[in-house]
Structures are given as C-alpha cells and as structure tokens.
Amino acid sequence: MSVALNTKHLSSFISEEEYAAIYPQVEAAHNQLEAKSGPGNDFLGWMYLPRDYDKEEFARIKEAAAKIREDSDVLVVAGIGGSYLGARAVIEAVKGQFHNELENGPKIYFCGNSISPTYLNNIISLCKGKRFSINVISKSGTTTETSLAFRVLRELLEKEMGAEEANKRIYATTDRAKGTLKQLADAQGWPTFVVPDDVGGRYSVLSAVGLLPIAAAGISIDDLMKGAADSMERFSVLSKDNDAYKYAAIRNILYRKGKSVEILECYEPDFALMNEWYKQLFGESEGKDNKGLFPASCIFSTDLHSMGQFIQEGSRTMFETIVDVKKPAQDLFIDPLEGNFDGLNFLANQNMSIVNRKAMEGTILAHTDGGVPEVLIEVDDLTAYNVGYLIYFFWRACACSGYLLSVNPFNQPGVESYKKNMFALLGKPGYEGLTAELEAKLK
Ligand SMILES: O=P(O)(O)OC[C@H]1O[C@](O)(CO)[C@@H](O)[C@@H]1O
C-alpha cells in the first residue's frame, strides 16, 4: 500500500474504546461530505477532482508546460497560500530542493508569496537577461502580494522581450469568469487556466494551480493524478479501516486530551514544503471559532538539534505525526575509514538511509517516553504517484477532522483582518474611516 497509517506507538495514549466511541462522529462527518450537507458544501469540488478533472484543460496544461520547457530558461510563478504552496511542495518533494541547480529544465522560482522588496529584487536579478515566462496564479485575481509581484515582473518581461512576445509568455491561472486578472488576461490574449469555483485555494494543487508549474518542472502530472485518484478510491469509502478517517479521529481524540499542537515531521528535507502545504491546509481549515489544533512542522534530524529539547521535555501540549518515507530518492553507502579517526566506523558498511531510520526509531521511543503521542504515516517513496496519493489522504483527513471539530473547514474569514488593516494604513480608497483609528493605536 502506498500510504498507510501506523498507530502502534499510540496504544498508551488512545484506547480501543476511544476509537469506537468517536466512530459514529466519523460516520456523520463522512455522510455530511458525501451528501454535501455540511458547512462549506459549495467548496467540495476537490472530493472527486482526481476523477472528474477537466481533461481538455489537462491536455492544454501539458502543452503549455512543454512550450515553457522549450522556450524558457526561467519560469517565475507568482502566487501565495494555496496558489503557491502546493506547486512548490510537489516540485521539491519529487525533484528535490536543489532541482534548479541539478536539473536541465527551466529554473522555477516562486514570488508573490511575501511583500519583501529584497526577495523581489533577487527574483528580478534571476530573470534579467534570461528567456523567462510567468505563471500568475490567483483565484480572486486581487491578492496584493501576487498582484504587486506580477505587476513588476510583467513590466520587466515587456521591457526585455517586447509586449507582443511577453503576451505569449504570460500564463494566467484564475477564476473562470470573474476578477481583474481574468479581465486583463482576456484583454491581452494570455493563455488562461481555471481555478474551479468549488475548489478552495488549499485544495487546489491538483487543478491548474499546481499542475502547470509541476508539469513545467518536468514531473509527470499523469502519475500525480493517478496517485490521487487511487487514493480517492480508497479514502472516499466509509470504513473503520479508512486510514484518512482514522487519522482525523486520532487528531480529534488527542485534541480533546489537551494536545493542542500537531507537529508534522519528516526525515527527508525535500518534504519541507509539503510541511508548509499541510500547515495551510489544516491551519486555515480548523483554526476558527477559538478552536483547532495548531499545525506545526519539523524536519528531522535537523530540528532535533533545535526543537528536540522542547519536544522531549517542554510543556506536554503536542503530538507528532511522522511522514515515514520508506525509500529515499537516493541512498549513500558508508565506507569504513582506515584508522577510524572520527570514530564513525560503527556506521560503516551500510547505507546512510539505515542510519536515518535508526535516528527516527530512537527518537520515536524517546519522545513516547517523554509523553508525546506518535502517529506514523508511512509512504513508500516521494515519487509523483505517491505524493499525489498523500495529498488526497490529507485532504480527506482534513475535511473529516474539520467536521469532527464542528467548524466549517472550507472558509477562512480570519484572513481578512490583516488585509483590512493593511489597506487602511496604506490609504487604499474605501478604507479611510479606519486609517486614523489604527494610526492612533500604533502611536
Ligand atoms: O488565489 P488567491 O485568491 O490569490 O488567494 C491566495 C490565498 O489567499 C487566501 O485566500 C487567504 O488570504 C488563501 O486561502 C488562498 O490560498
């Protein structure tokens, strides 16, 4: 099985009776999802997306990706949140963090995911003098971070390549009909791709939002979708053996026992952006109505040397969910060293992945002794197929987990507060009433 939940380290934290007691609630959450009767039911387009996706658009995505790979040294992807994280997460998980340095295809850079002028200047430097293309991604078409970066990069592209050529190198992924970006794209004749109405940002990686940059990175989107489709077949069925639902149940049981932080962990650094993707997925879905597990993340053994002390002995508020990647993309045989000057010959004559595994096993036992529940999500490897599989697993689990918590897992009203204040402080027309009040608070 590509992805499997392993609960063997949980026996001292959760009893069989507790699993049985929460099951009727899992059943109710499942029924709400399938009947589309729960809160946020207009955002359930992800549920059967790996089967029902737009095949004609999928073919256009592949064509656009092939063109980008042919005519571009650089692809800049402008987007934030769900319009950023999934694409980067899949690319780094499958191709590795150093894909830009090690692969022959176009370099893929992401921007519009902050308001840092330093970051954007660096992106400009990476594009200047290169044959570059832009994929601007925004469902709303109005997100400040994305729009600002896109405005600057579009100008650069037009200056470097002329307006006519620039128009052939801008790919807009946005709403089917509404929004400034859609209007602009139509007026300029840019190829456009659609963020489906019923798919929210954090559930959009398997739409054009993620698929175009992922395909441009040379990853098989067929494999990615096949993995997600197989995962959908398995995790859309109600049963006590449904690992996605069981994971959701575990999260809820632990939350009710005062474990208010979940740390998603992996012993592969290439998973770091998948951690970030997970944080948006669960954070925006569950953190509302003064409820929710705080989604945190670590890469081990790296963070064992920074966060390890806290996890072992700090306040007992967290549990750990470890994504156990069974087979690394590459292994490394450790040769013995004559003289054993570094004292490391006890590690020799085996693959480095074994050392990584022993570090994981030792840590799990130590943290369990420290009172931290340990959940394992086992995945064979980080190929496109299995990453697609994992994505759908987390989607299903998250939706169920949100309903178990009695929140609407598909909205994110809280995100507007910072935007409103920022606009007022920047003097955006329409926000004048708030400006003086906020400025007084800042004095
Ligand atoms: O695709 P858009 O509309 O630019 O939004 C980007 C992100 O911003 C949010 O709406 C939050 O501000 C996220 O939910 C979303 O993924």
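Start at 1 and go down the list; that is how both ligands and their atoms are numbered. In this chain, numbering begins with 1 at the start of the sequence shown.
Atoms of ligand 1 found under 4.0 Å from any heavy atom of Gly81 (numbered from 1 in listed order, with element): 16 (O). Listed by atom number, the atoms of ligand 1 under 4.0 Å from Ile80 heavy atoms are 6 (C), 7 (C). Which parts of ligand 1 touch Lys419 is read off a 4.0 Å heavy-atom cut-off, strictly below it: atoms 12 (O). Under a 4.0 Å criterion applied to the non-hydrogen atoms of Ser83, ligand 1 contributes the atoms 1 (O), 2 (P).
The shell of residues lying under 4.0 angstrom from ligand 1, judged by heavy atoms, includes Gln280.
In this structure, CZ in Phe132 is found 11.0 Å from CG in Asp73, a value given to the nearest 0.5 Å. Leu405 contributes atom CG, which lies 5.5 Å from atom CD of Glu286 (distance to the nearest 0.5 angstrom). Going from atom CD1 of Ile91 over to atom CD1 of Ile219 covers 5.5 Å, rounded to the nearest 0.5 Å.
Geometric assessment of Lys246 against the ring of Tyr19 yields a positive cation-pi assignment under the 6.0 Å and 45° thresholds. Because its NZ or CZ atom is both nearer than 6.0 Å to the ring centre of Tyr53 and within 45° of the ring axis, Lys55 counts as a cation-pi partner of that residue. The cationic group of Lys257 does not satisfy the cation-pi geometry with Phe13, failing either the under 6.0 Å distance to the six-membered ring centre or the 45° limit from the ring axis.
Taking the six-membered ring for Trp and the full ring otherwise, Phe393 and Tyr389 have centroids separated by 6.0 Å or more.
In this structure, atom 16 (O) of ligand 1 lies nearest to the protein heavy atom Gly82 N, 2.7 Å. For atom 13 (C) of ligand 1, the closest heavy atom belonging to the protein is Glu284 OE2, 3.4 Å. When hydrogens are left out, the protein atom nearest atom 5 (O) of ligand 1 is Thr143 OG1, 3.6 Å; that is the closest non-hydrogen contact. Protein heavy atom at the shortest distance from atom 11 (C) of ligand 1 is Val415 CG1, 3.3 Å.
For atom 8 (O) of ligand 1, the protein comes within 4.0 Å by no heavy atom at all.
Here Lys139 has heavy atoms under 4.0 Å from ligand 1 in both its backbone and its side chain.
Of the charged side-chain nitrogens involved, none lies within less than 4.0 Å of a carboxylate oxygen, so that Asp222 and Lys226 do not count as a salt-bridged pair.
Considering backbone and side-chain atoms alike, Ser140 places an N or O below 3.5 Å from some N or O of ligand 1.
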